[in-house]
Amino acid sequence: MEYYGSIEAGGTKFVCAVADEELKIVERISIPTTTPEATLTQVDAFFGAYQLKALGVGSFGPIEVNRQSSTYGYITSTPKPGWKNVNLLGALKERYDIPIAWTTDVNAAAYGEMHLGAGKKTQSCIYLTVGTGIGGGAVVNGNVLQGFSHPEMGHISVQRYKNDGLESTCPYHDNCLEGLAAGPALEKRTGVKGQLLEIDHDVWEIEAFYLAQALMNYTLVLSPEKIILGGGVMKQTHLFPKIRESLQQQLGSYVSLPNLENYVVGCDLGDNSGTMGCLLLAKEQRGLE
Ligand code: ADP
Ligand code: ZN
């Protein structure tokens, strides 16, 4: 039997999975991200037991997605030791002589959620993860959105919440969403990790303000049918109503949004958004290889 393979290549772990023709996952494994060589050796050992038809890869980045570039398929300027300028797609192509779909982890998650999860029945969705960093992917009219590169939705500039003097945790930008609202920013604001904060802490209003401001901007630029929020910080489900309310407030009455409860939603596929997206890209061979 032939299978589809998926690699969700993260900075902390590589989640690999194999699925059948119906995209039912047959086996899934989590491999710690160490050096490229050691990590790929373990990836090989996992896929070795299967005959693969195609592989979908959603990678942490930034990555090169422009086929015209001499570094197409590379992980480019990551601060992760050992992974800067690594030709990940090339290394996989050497190992597996099959079609390989190549995109960002968040684009893969957006694709998975749109087709099989929270975005079913839509054609245009945004997926945003709020965790160690903030990253967004978009599917527009059924296709993953890429241009000269991939979107970097976590690094948009935001206006500061009144009197917010936090020093941005992003080394590149003083006023970007990630630097003011990702997990490390939450921790810097409060002195404790987000998962330990009480739900009535004042910081959640600030957090909701920044996320809503970002959602407003994505809404105005892309007009998606749905925005799906995932990542560790969004396990704080009380944030959803706060974000919806702030989004409505910041937009004013300028754009009439779809029903907010259906517009700003959580993931349906849990930890499998990226994996399912990679599998589907592999199955459909969506021209990304
Ligand atoms: P990663 O982004 O590394 O893949 P996560 O999405 O779990 O992993 O993000 C980790 C970040 O999210 C950390 O900064 C952590 O403190 C924060 N975080 C994880 N779980 C929660 C939670 N339940 N509530 C708030 N913050 C959380
Ligand atoms: Zn930034």
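Both ligands and their constituent atoms are indexed starting at 1 by order of listing.
- For the residue pair Ser246/Gln250, the side-chain donor-acceptor check at 3.5 Å is satisfied.
- Those atoms of ligand 1 that come under 4.0 Å of a heavy atom in Gly194, given as number and element, are 16 (O), 24 (N), 25 (C), 26 (N).
- At a heavy-atom distance under 4.0 Å, only side-chain atoms of Lys235, from C-beta outward, approach ligand 1.
- With respect to Asp164 and Arg189, a salt bridge is recorded, a charged nitrogen being found less than 4.0 Å from a carboxylate O.
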**Item:** Pair Lys226-Asn262, side-chain contact (heavy atoms from CB on, under 4.5 Å): steps then yes or no
**Value:** CA-CA 7 Å; Lys226 220 175 253 293; Asn262 296 325; 4.0 Å; yes

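- Residue-ligand proximity: Gln236 is placed with a non-hydrogen atom under 4.0 Å from ligand 1.
- Of all protein heavy atoms, the one closest to atom 13 (C) of ligand 1 is Gly183 CA, 4.4 Å.
- Per residue His155, closest N, O or S atom to the Zn ion (ligand 2): atom name ND1.
- Shown here, atom 9 (O) of ligand 1 is in close reach of the protein: a heavy atom of it lies under 4.0 Å off.
- Side chains of Ser273 and Glu113: a donor-acceptor N/O pair is present below 3.5 angstrom, by distance only.
- Protein heavy atom at the shortest distance from atom 3 (O) of ligand 1 is Thr132 OG1, 2.7 Å.
- Note: Leu55 CG to Gln285 CD = 11.0 Å, rounded to the nearest 0.5 Å.
- At least one donor-acceptor pair closer than 3.5 Å links the side chain of Thr35 to the backbone N or O of Ala38.
- Heavy-atom contacts from other residues, nucleotides or ligands closer than 6.0 Å to CG of Asp97 number 12 or fewer.
- Considering backbone and side-chain atoms alike, Leu186 places every N or O at 3.5 Å or more from each N or O of ligand 1.
- Those atoms of ligand 1 that come under 4.0 Å of a heavy atom in Gly231, given as number and element, are 6 (O).
- In terms of protein heavy-atom proximity, atom 15 (C) of ligand 1 is closest to Gln195 OE1, 3.3 Å.
- Within His173, the N, O or S atom lying nearest to the Zn ion (ligand 2) carries the name ND1.
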